[in-house]
Each structure stands twice: as structure tokens, then as C-alpha cells.
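Below is one structure, written out as C-alpha cells; the observations come after it.
Excluded from the calculations below are hydrogen atoms, water molecules and symmetry mates; all remaining heavy atoms, backbone and side chain alike, are included.
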Number of protein chains: 2
Amino acid sequence: MSRLTRPRLERLMRYYQFLCDQSCPLNSENPVRVVTSAQIAQAMERDQTLVRKDFAAIGITGQPRVGFSAVEVCSAIRRSLGFDGAYPAILIGAGHLGGALLAYPGFHLYGLSIVAAFDRDSSKVGTKVGGCTIKPLGMLKPFIRNQGIELAILTTPADEAQELATRLEESGIRAIWNFTPAKLDVPEKVFVRNEQISLGLAELAYRLKDAGPKRGRESARGTGSKKARK
Amino acid sequence: MSRLTRPRLERLMRYYQFLCDQSCPLNSENPVRVVTSAQIAQAMERDQTLVRKDFAAIGITGQPRVGFSAVEVCSAIRRSLGFDGAYPAILIGAGHLGGALLAYPGFHLYGLSIVAAFDRDSSKVGTKVGGCTIKPLGMLKPFIRNQGIELAILTTPADEAQELATRLEESGIRAIWNFTPAKLDVPEKVFVRNEQISLGLAELAYRLKDAGPKRGRESARGTGSKKARK
DNA sequence: TAGATTGTTAATCGATTAACAATC
DNA sequence: TAGATTGTTAATCGATTAACAATC
């Protein structure tokens, strides 16, 4: 099974969100058991062939004339994206954004649990944010080592980011979810995913400026979403 | 000048961030006046031809043997992305994430100023977050109308998002920056940019799972960043 | 001038869509 | 069976990179 590309990963994530929601008995009186690629495609505003290709890429097969089992698709996505092997993470920088992530209850769907939060500010240390007691930065390295943490979430000011990234890498962290605007310089072996929220402003400002009649709605981050054919 | 694609918009944004930083006299003893496409390409880890193409797309011309004027590039990007026509925005949902955006000082670089914040919770109304006094939702429509606001930032819980989007659209909002996981159904004429932060987990979980030796570092949201050639 | 850099055309690459055969 | 839907190969589309001519 070949490597999944980023657009494909993000689409799989969206299928997963959609199908978890649709197939959950809590959410509707008749949860969906079987879906066709056309139904998913319509909900995602993509082409149905693409949906089938994405499924094929992670080894899901459907039944001709029937469709795909919603729970099978969900579990295949969980398996191939790694949501089932629940991975503990730590968060550094318990400011507004850090607090928002700590308080977000939805991450468990994707196997993520933030098990500890750290902050430089000693007045924050010991307080609780979203169920996590803030720890001092001095405990960072021993905590990562002892708990075998592999993922760190960086929500500090930009000017602290590089120094922390280096410490994280030295402590054995394997991936960093970087919410700071800083570009992190770390060894190849550490995977960095940058969430540059302000990039969105490029598109928003541009569409606002351009008051012409040809404005169209677009959605979805990163991946363009072309309208599906009817 | 043809329509700018989303990857191009996001790259232009990054050039802008980089050049603002490099050419600002506050940030270094000798601010950069002239840059070559190769220098920018290296910093962005992209191909230099792409940089020149991006510049050409917004009408920037350089000088052979010299390069591009940093301030000219910045102002051309400001002009074509619409950062110079400062656009006031409102924010709805003054929770953790809303507070983070209200407190973020960097948006002014892109022409954005959040001029008011609204919240459903009456106990929050009247308090101050990041310099904004929280207003009640009842004032939403008159405020948008009177101030001629075109951009709204949605940071409410997902289940309130659709109702608010409809109200925003009826009040004359032209673009919505949607931070909720909800898919908004609004007329074509309203532009929606979704920031689905949890999409990032698809990639992070996948790279973490895959412990093989061929892991590579990737960065930048949405756009893949291939390593530039030396 | 020679050489560095831009500007632009052609080639490549990757992702999406169209077409259609296979299946139950 | 007939027909709906999957699975897969071929075609298209768009974005990136390579090659190279133009410029100062």
C-alpha cells in the first residue's frame, strides 16, 4: 500500500468525520449502515471516483450494487491514519490558543489525548486548564522521556518556538504540531506540521477585495473543493 | 491579470511575511533592500522559478542581474491580496479560540482589525477580551449594517454555527472565516473559508504511526513544501 | 564585455475526472 | 435478468520544474 498524499489524508479525515457522525446512533433515529461513493461525494462536494480511489488506497472494498459499510470504512480509516493506536501528546504554551486546544473535547475521535501542559510562566504553573494541571518547563524533558511521548503541540509565542523545538527534539519527540508563526529548524527525523492560521487571510482578503460578480464559494482548508457535478 | 489560485495566494502570503520581516529596520541591523528569487526560494524551500512566476502573476517585475526590491514586492502583494484596503471584521464566540484571535496582535499586517466581538452567553457580555468589549447577539445585525462590516469570524460551538451563518448572510456579510467544524450552508455569494484545525491530525497521526526510515519532514499547511534543490 | 539574474516557453509531474468494464 | 454500483484504466487538467533566451 503506497504512501498516502496529503490531500488524500485530509479527504480521508473528512470522510471519517462525516461517517462517524452519520453512523452514530446518538445522532439520528436511523444511523446509516451502508453508503455509496456517490452519497459521500455529494456531501463532500467532490467527484465520486475520487472517493472510490481514496478508499482503494487504504484497502477498502465495497459491494457492487450496494456500497460501502460505514463502520468498516471508519475502522479502515482509523487503522490507516493511526487513530486507533491512541497517542498521548503534550502541549506547551497554555495561553488562549493552548487553552482552546486543551478544552476541545473532539480530539479523542482521532486518538489524540493531551496528557500534560507546560508553560514558561511560573504564575500559571499549578493552575488547571481544560483538565490539565500546568507543569513547569523544567519537567518537560523528564516527562517526555518517562512517558514516552512522541507528539508535542506548540502554542507558545513565536520567539520561544525554536528553542523549545530543539529541546523537544533532544527529548525524543517525533512530531511537532506547530501553531506558532515561527519556522522550526529541526532534524529531518522530526515531523513538523505547521498550522499557520493567518494564511487564511490571504484568501479572505483577496475574495473580499475582488467584488466582481464571479465570486464563488470555496471551502475546506488546504485542499480546494471543486463543486461536484450533479 | 488572471485569478490567483489558492496555492499561489498562500505562497504570496508567505513571501509577504518573510519580506516584511527581512526588510523591517527594527528586526536587523541591515534590513534587506533587494532580494533575488533564489534567496526567497531557498527560505521557502521552493523552486525559484515558482517564485518568479508568482511575482509575474501579480505584475511584479525585477531587474535582471539585481533582483527584486523588497518593499516593492511587499506593496504589490498588499495591493493584490487586498491588505492595504484595511477591512474591519467582527468575531462571534468569545471562548478560548475567539479570545486567542482577539488577542493576536499580528493581524494588522494583513489589513485585518477585529472591531467587535459578540457572544450568546449574557454573563460574558460587557466583559473585555483582547481590547474588545463583548456585545450581545441582538446587536449583531444592526452593528453589521451600520458599520458596513463584510467579514465575520466564527468561533462558536459547532451547533450554533449554521444559525449564525444564516443571520450573518442576511445582515450583509460577504465572507465568513469559519473555525467551527460545521459545514455552513450559505448562498454562493458569501465566501466561506473553513479552518478545520483537526485536519492536521490526519497527517500527524499518519506520520507517527509510520515509524519507517523513510519519514521525511514536511511543513506548511495545505500546500506541500518540497525541498528546494541546492 | 561577461556574467548574474530575470522572464518565458516547454516538459514533467501529480492529482482529478471521464469512461467503461466487472460484479452481484 | 437488468441495473446499480464498484473497480480500474485512460484522458484531462493544473501546478511545478526544467531549459533557455533576454537583459542590463
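- Relative to the side chain of A/Arg65, the nucleotides C/dT6, C/dG7, D/dA4 differ in distance, and D/dA4 lies closest.
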**Fill in**
Output field dot_bracket for DNA chain D (Watson-Crick or G-U, both distances under 3.5 Å, | for other-strand pairs) contains ..||||||||||||||||||||||
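- Side-chain atoms of A/Gln162 and A/Thr166 include a donor-acceptor pair closer than 3.5 Å.
- For A/Asp47, taking side-chain heavy atoms from C-beta onward, the closest of the listed nucleotides C/dT17, C/dT6, D/dT17 is C/dT17.
- Proximity of B/Arg11 to the phosphate of D/dT16: a side-chain N or O atom is located under 4.0 Å from OP1 or OP2.
- Of the candidate nucleotides C/dG7, D/dT16, D/dT6, C/dG7 has the atom lying nearest to any side-chain atom of B/Thr61.
- The ring of A/Tyr15 has its center no closer than 6.0 angstrom to the ring center of A/Phe18.
- In the set C/dT6, C/dC24, D/dT17, the nucleotide with an atom closest to the side chain of A/Pro64 is C/dC24.
- The existence of a salt bridge linking A/Arg11 and A/Asp54 is confirmed by a sub-4.0 Å separation between a basic side-chain nitrogen and an acidic carboxylate oxygen.
- The side chain of A/Thr36 has D/dT5 as its nearest neighbour among C/dT6, C/dT16, D/dT5.
- With salt bridges taken as basic N to acidic carboxylate O contacts below 4.0 Å, none links B/Glu10 and B/Arg14.
- If you run salt bridge (charged side-chain N to carboxylate O under 4.0 Å, His left out) between B/Glu203 and each of A/Arg3, A/Arg8, A/Arg193, only A/Arg193 comes through.
- As rounded to whole Å, 11 Å separates atom P of C/dA15 from atom CG of A/Leu9.
- Remark: A/Arg52 is in phosphate contact with D/dT6, judged by side-chain N or O atoms under 4.0 Å from OP1 or OP2.
- The interatomic distance linking B/Ile60 (CD1) with C/dT5 (P) rounds to 18 Å, in whole Å.
- A salt bridge is defined here as a Lys NZ or Arg NE, NH1 or NH2 lying under 4.0 Å from an Asp or Glu carboxylate O, and B/Lys189 with B/Glu169 meets this definition.
- Backbone-only contact: A/Phe68 has heavy atoms under 4.0 Å from sugar-phosphate atoms and none from a base.
- Looking at B/Leu112 and B/Trp177, their side chains come closer than 4.5 Å, going by heavy atoms from C-beta outward.
- Proximity of a side-chain donor or acceptor of B/Ser171 to a complementary backbone N or O of B/Ile173 within less than 3.5 Å is not detected.
- The interatomic distance linking A/Asp54 (CG) with D/dT6 (P) rounds to 14 Å, in whole Å.
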Grab the N/O contacts between the protein and nucleotides 9-12 of chain C below 3.5 Å, and write none if there aren't any.
unit_1, atom_1, unit_2, atom_2, d
C/dT9, O4, B/Lys53, NZ, 3.2

Which side-chain N or O atoms in residues 59-75 of chain A pair as donor and acceptor under 3.5 Å with protein atoms at least two apart or in another chain?
unit_1, atom_1, unit_2, atom_2, d
A/Ser69, OG, A/Glu72, N, 3.1
A/Ser75, OG, A/Glu72, O, 3.4

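- Straight-line distance from the CG atom of A/Leu4 to the P atom of C/dG14: 15 Å, rounded to whole Å.
- If you take CE of A/Met44 and P of C/dT16, they are 15 Å apart, rounded to a whole angstrom.
- Between B/Phe107 and B/Tyr104, a ring centre-to-centre spacing shorter than 6.0 Å is recorded.
- In this structure, CD1 of A/Ile58 is placed 15 Å from C1' of D/dG7, rounded to the nearest angstrom.
- Atom-to-atom, CD of A/Glu72 to P of D/dT6 comes out at 14 Å; the value is rounded to the nearest Å.
- Atom C1' of nucleotide C/dA4 and atom CD of B/Gln48 are separated by 11 Å, given to the nearest angstrom.
- Each of A/Gln63 and A/Arg8 was assigned the nucleotide of DNA chain C with the nearest heavy atom; the assignment lying further toward the 5' end belongs to A/Arg8.
- In terms of phosphate contacts, A/Ser37 brings a side-chain nitrogen or oxygen within less than 4.0 Å of OP1 or OP2 of D/dT6.
- For A/Val35 and B/Thr5, each mapped to the nucleotide of DNA chain D holding its nearest heavy atom, the one lying further toward the 5' end belongs to A/Val35.
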